[in-house]
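Some notes on the structure that comes next.
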Amino acid sequence: RMMNEVYEKIRADAAAEGAAAVSSVPARKAAAWPPRKLDWDIPPAVEAAKLKAAAAYELTCNALRLGCLDFDSWGVTQLKRWKIFPDGAIQAALQLAFFRTQGHTPSTYESCSTAHFSAGRT
């Protein structure tokens with residue numbers, strides 16, 4: 001999106017300065033050559049590490065415990081009255097649950113919309 005916004009700004013600035021319109025370049029319709037299957041030479045040590053990781057993943061999945069709570073005391077409407085974003089409330093609840101069960105805070109990442117910033121950047 002950023003590239004599109006920068007491109008459109010350049011076009012608009014050029015038009016405002018009286019420059020000739022920039023024509024669109026059509027996208028390429030076909031690849032220069034057809035795709036082909038790649039054969040990989042995977043060393044035995046890498047294959048063994050892959051199998052070990054798959055087994056560890058399977059153990060982790062089998063050890064997973066999941067519980068659900070049906071909470072109906074209040075919901076999205078009340079959160080909005082309190083000026084709390086529902087996504088943020090859920091993230092905070094998940095982090096609190098993790099802390100209470102694991103004894104430390106998890107690494108977290110929350111994506112955000114950058115549409116309101118110039119060229120989609122913060």
Neighbour count >12 (heavy atoms, 6.0 Å) for atom [atom1], [X]:
{"X": "Leu38", "atom1": "CG", "value": "yes"}
{"X": "Phe98", "atom1": "CZ", "value": "yes"}
{"X": "Tyr57", "atom1": "OH", "value": "no"}

Gap separating the [atom1] atom of [X] from the [atom2] atom of [Y], nearest 0.5 angstrom:
{"X": "Gln78", "Y": "Arg81", "atom1": "CD", "atom2": "CZ", "answer": "5.0 Å"}
{"X": "Asp72", "Y": "Asp70", "atom1": "CG", "atom2": "CG", "answer": "5.5 Å"}
{"X": "Gln95", "Y": "Thr108", "atom1": "CD", "atom2": "OG1", "answer": "4.5 Å"}
{"X": "Ile42", "Y": "Asp39", "atom1": "CD1", "atom2": "CG", "answer": "10.5 Å"}
{"X": "Leu96", "Y": "Thr101", "atom1": "CG", "atom2": "OG1", "answer": "9.5 Å"}
{"X": "Ile90", "Y": "Phe85", "atom1": "CD1", "atom2": "CZ", "answer": "14.5 Å"}

Quiz item: Applying the 4.5 Å side-chain criterion to the ILVMFWY set and letting contacts propagate, would Leu69 and Leu66 be lumped into a single cluster?
Solution: no
Quiz item: Are Ile84 and Phe71 joined in one hydrophobic group, where the rule is that I, L, V, M, F, W and Y side chains link up if heavy atoms are under 4.5 Å apart?
Solution: yes
Exercise. Quick one: closest heavy-atom pair of Ala89 and Leu79, and the distance?
Key: CB-CD1, 3.9 Å
